[in-house]
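Remember, predicted model here, so these are calculated numbers, not experimental data.
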2 protein chains.
Amino acid sequence: MRLSTRGKYGVRAMYDLALHYGEGPVPLKATAERQMVSEHYLEQLMAGLRRAGLVTSSRGAQGGYELARSPADITIGDIVRVLEGPIDPAECVAEGDPVEACERADECTMRLVWKKLKDCINRVLDSISLKDLCDETAALVSDSCGSCRAGPDCTRGLGETAGTARRTP
Amino acid sequence: MRLSTRGKYGVRAMYDLALHYGEGPVPLKATAERQMVSEHYLEQLMAGLRRAGLVTSSRGAQGGYELARSPADITIGDIVRVLEGPIDPAECVAEGDPVEACERADECTMRLVWKKLKDCINRVLDSISLKDLCDETAALVSDSCGSCRAGPDCTRGLGETAGTARRTP
DNA sequence: GGAATCCCAACGAGTTTAGTCGGAATTCGT
DNA sequence: ACGAATTCCGACTAAACTCGTTGGGATTCC
């Protein structure tokens with residue numbers, strides 16, 4: 001259960017675009033350098049994000065990529081699902097007929113587990129937008145993150161769990 | 001974000017052992033046939049589970065595998081972590097020094113996302129024990145499964161009714 | 001002794017990952 | 001018109017991983 005670099009680099013790149021949202025196209029080279037990712041590799045990832053309608057591109061000099069929507073309207077889940085494929089812990093909870101993936105799907109108790117896991121992952125990833133990420137960075141830098149006791153299932157934004165995440169032993 | 005067959009087969013096998021808990025050693029062949037998994041492949045998985053102390057084995061005729069603890073004391077998370085490795089969406093939220101995985105780990109906002117995701121996954125998987133699985137199967141078979149038909153956001157059933165959630169490693 | 005069973009190590013075909021490489025097409029500024 | 005910047009596209013690859021298979025050895029029960 002580890003994300004590949006595709007998902008991680010993709011989120012980094014989209015975060016970078018979010019930081020420069022409204023400033024016109026951002027050339028891939030700049031993003032690649034800031035986020036320390038191979039430019040050519042990132043190019044492939046951006047192609048996927050463009051086909052999925054999450055970014056728009058403009059070619060030629062002064063060209064680059066831009067978010068297709070406001071950072072508040074793009075979630076981490078949107079990005080990860082494009083680059084890593086749908087979040088399906090098992091085939092039997094993917095799109096389509098479960099019975100085709102496993103003939104016992106109807107009576108399978110484990111399927112309920114994978115379903116629950118899938119829903120949980122999607123809920124977490126969809127609860128965080130690029131805007132949340134940018135806001136959180138501001139909070140981190142200004143060193144004023146509040147304390148949240150809501151636990152890991154808290155879906156009320158990143159800022160509230162920041163205190164927990166920074167307290168690393 | 002898909003589990004490999006290791007995790008899925010492993011859970012199936014452990015579930016099978018849970019169904020026969022207290023009846024003495026269960027030969028691998030029987031489990032493999034019931035769960036429709038290659039016997040030799042399952043053997044490798046059981047070796048890992050044995051080394052992790054989740055099952056005990058007895059050799060020779062009438063030998064086989066048994067759960068090392070009560071089904072209520074073994075969670076899906078225990079099994080999945082043994083067979084799939086630790087649940088770390090990214091290196092920077094794995095065991096050890098995060099800065100060694102990524103020099104920007106301290107200031108990285110995305111790291112908070114992966115941390116949150118990791119905690120969520122572990123929480124779900126650790127909230128479901130083998131006993132929960134067996135109980136749920138009884139509910140499914142008796143066709144009175146009201147608890148799990150409440151839609152994708154249902155938080156009841158599978159672990160939260162019995163309240164067998166245990167340690168957090 | 002023989003059958004059942006676990007234990008171990010190696011092999012391998014296929015797929016995925018994480019890129020690299022080379023070049024074509026488009027656009028901007030001058 | 002030209003050249004630089006940039007996206008776009010397809011092919012290639014080394015390494016790792018997945019999902020097993022193969023072949024034998026050790027142990028235990030009857």
Within less than 4.0 Å of OP1 or OP2 of D:dT21, is there a side-chain N or O belonging to B:Ser38? yes
Counting only heavy atoms not in A:Glu95, do more than 12 sit closer than 6.0 Å to its CD atom? no
Side chain of A:Ala61 (C-beta onward), nearest among D:dT28, D:dT7, D:dA4: D:dA4
In whole angstroms, the gap separating P of D:dT18 from CD of A:Glu91 amounts to 14 Å
Phosphate contact (C:dA18 OP1 or OP2) by A:Tyr9 side-chain N/O below 4.0 Å: no
Does a distance-only test, which skips hydrogens and angles, find a donor-acceptor pair under 3.5 Å between the side chain of B:Gln44 and the base of D:dC19? no
State whether the distance check finds a donor on one side and an acceptor on the other, under 3.5 Å, for side chain A:Glu43 versus base D:dC9. yes
For DNA chain C, whose closest nucleotide is more 5', that of A:Arg6 or that of B:Glu39? B:Glu39
Rounded to whole Å, please give me the gap between CE in B:Met46 and C1' in D:dG20. 17 Å
B:Arg81 and B:Asp78 ion-paired at < 4.0 Å: yes
To the nearest angstrom, how far is A:Leu45 atom CG from C:dT16 atom P? 17 Å
A:His40 atom NE2 is separated from D:dG10 atom P, nearest whole Å, by 16 Å
Find out whether B:Glu91 and A:Lys8 are in side-chain contact, i.e. whether some heavy atom of one side chain is under 4.5 Å from a heavy atom of the other. yes
Whole angstrom value for the distance that separates P of C:dT5 from CG of B:Leu17: 14 Å
Could you give the CE-to-P distance, from B:Met1 to C:dT17, as a whole number of Å? 13 Å
Can you figure out which of D:dC8, D:dT28, C:dC7 approaches the side chain of B:Tyr65 most closely? C:dC7
Is a donor-acceptor contact shorter than 3.5 angstrom present between the side chain of B:Gln62 and the base of D:dC30? no
Rounded interatomic separation in angstrom, taking CG from A:Leu42 and P from C:dT20: 12 Å
About how many Å separate CG of B:Leu112 and CG of B:Leu117, when rounded to the nearest 0.5 Å? 12.5 Å
Side-chain atoms of B:Arg59 come closest, of C:dC7, C:dT26, D:dG20, to C:dC7
Between C:dC6, D:dT7, C:dA18, spot the one nearest the side chain of B:Leu28, thanks. C:dC6
Nearest-nucleotide 5' precedence on DNA chain D, B:Ser58 against B:Glu84: B:Glu84
Under 4.0 Å: is that the gap between some side-chain N or O of A:Arg2 and OP1 or OP2 of C:dT17? no
Just the rounded figure in Å: distance from P of C:dC7 to CG of B:Leu49. 12 Å
OP1, OP2 of C:dA18 versus side-chain N and O of A:Thr5: anything below 4.0 Å? yes
Closest of D:dT7, C:dA4, C:dT17 to the A:Ser4 side chain is C:dT17
So A:Tyr21 and A:Lys131, do their side chains get closer than 4.5 Å, heavy atoms only? no
I would like to know whether A:Cys92 and A:Cys102 meet disulfide (SG to SG under 2.5 Å); could you show each step before the answer? CA-CA 6 Å; A:Cys92 60; A:Cys102 170; over 6 Å; no
